[in-house]
Amino acid sequence: MPSKLKKIAVEKRSRVVLALDYYPHGRDPLDFWSSLLSDVGDLVAGVKVGLPALLSVGTEGLRELVESFSGDVYFIADFKLADIEDIVRSVAQSVLGMGFDGVIVHLFPLCYSRLSAREGGRSLDFYGVASMSCPSTLMDAHLDELLDYAVKLGLAGVVVGANKPGAIRRARERLGSQALILSPGVGAQGVEPGAAVAAGADFEIVGRAVAASPSPRAALERIMKSHPPPGW
Ligand code: O7M
């Protein structure tokens with residue numbers, strides 16, 4: 001279970017996972033995200049890094065970013081993994097080697113029997129996408145199956161769109177209190193801060209509303225005011 005994420009969240013009283021996808025045109029992305037994390041790292045529990053970051057700064061750039069801040073934040077790799085189990089496990093092992101704490105995988109392939117990655121004394125937390133913030137009717141029609149699959153795999157948590165409070169409530173019912181629910185869609189995609197947490201999510205994943213704000217700290221403080229303090 002993702003005890004590092006919970007511990008950091010409680011210490012910082014933060015339910016925010018910051019998505020690092022956006023950087024201003026003309027800026028060096030690694031320099032921008034390093035400055036952003038220096039500015040607001042004390043306000044975020046987790047940082048989600050996706051393909052835009054990987055493709056713009058490369059694995060060495062990401063390794064550097066993770067190494068610089070991993071004492072203070074929980075790093076989640078979101079490389080849109082949806083493949084056969086051997087490939088997912090191999091990527092997960094590399095992700096752990098880069099210093100990440102968690103990885104997000106798509107559940108819809110239903111290809112996995114056991115997901116794990118270990119190295120030395122460290123292990124990676126796995127999160128599964130159960131419902132998206134876009135109108136993905138195919139996935140939503142199979143929500144219960146995807147949630148039950150997440151439980152069967154013993155995942156650390158699931159991703160459920162912040163614009164789908166019914167799906168968040170359903171996820172909480174089916175997952176129980178231990179697994180985490182991470183909800184994207186807040187801010188730039190139109191969901192009010194606090195709505196997903198009010199429906200039962202543990203964390204709200206926020207990208208542009210913070211990273212593209214002229215005052216990322218003030219934007220984060222506004223979002224955090226809408227959340228009850230975390231406690232598990
Ligand atoms: O706050 P934003 O809109 O700038 O960023 C949202 C982030 O959440 C961005 O990194 C997306 O890839 C991610 N996300 C969604 O927006 N919707 C989803 O359904 C799922 C994700 C996600 O994180 O998938 C793992």
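Note that ligands are numbered from 1 as they come in the structure, with each ligand's atoms numbered from 1 the same way. What you see is a predicted model, and the numbers here were worked out from it, not measured in a lab.
- In this structure, Arg89 contributes its side chain and Ala117 its backbone to no donor-acceptor pair below 3.5 Å.
- Residues of the protein with a heavy atom under 4.0 Å from ligand 1 are Ala19, Asp21, Lys48, Asp78, Lys80, Ile104, Val129, Met132, Ser133, Pro184, Val186, Gln189, Ile205, Val206, Gly207, Arg208, listed by chain and number.
- Between the side chain of Glu204 and the backbone N or O of Pro193 there is no donor-acceptor pair closer than 3.5 Å.
- Considering every non-hydrogen atom in both Ser14 and Leu43, the closest pair reads OG-O, 2.7 Å.
- Between Val17 and Val47 the shortest side-chain heavy-atom distance does not fall below 4.5 Å.
- In terms of modelled atom types and a separation under 3.5 Å, the side chain of Trp33 and the main chain of Tyr22 share a donor-acceptor contact.
- Partners of Glu119 by salt bridge (Lys or Arg N to Asp or Glu O under 4.0 Å), not counting sequence neighbours: none found.
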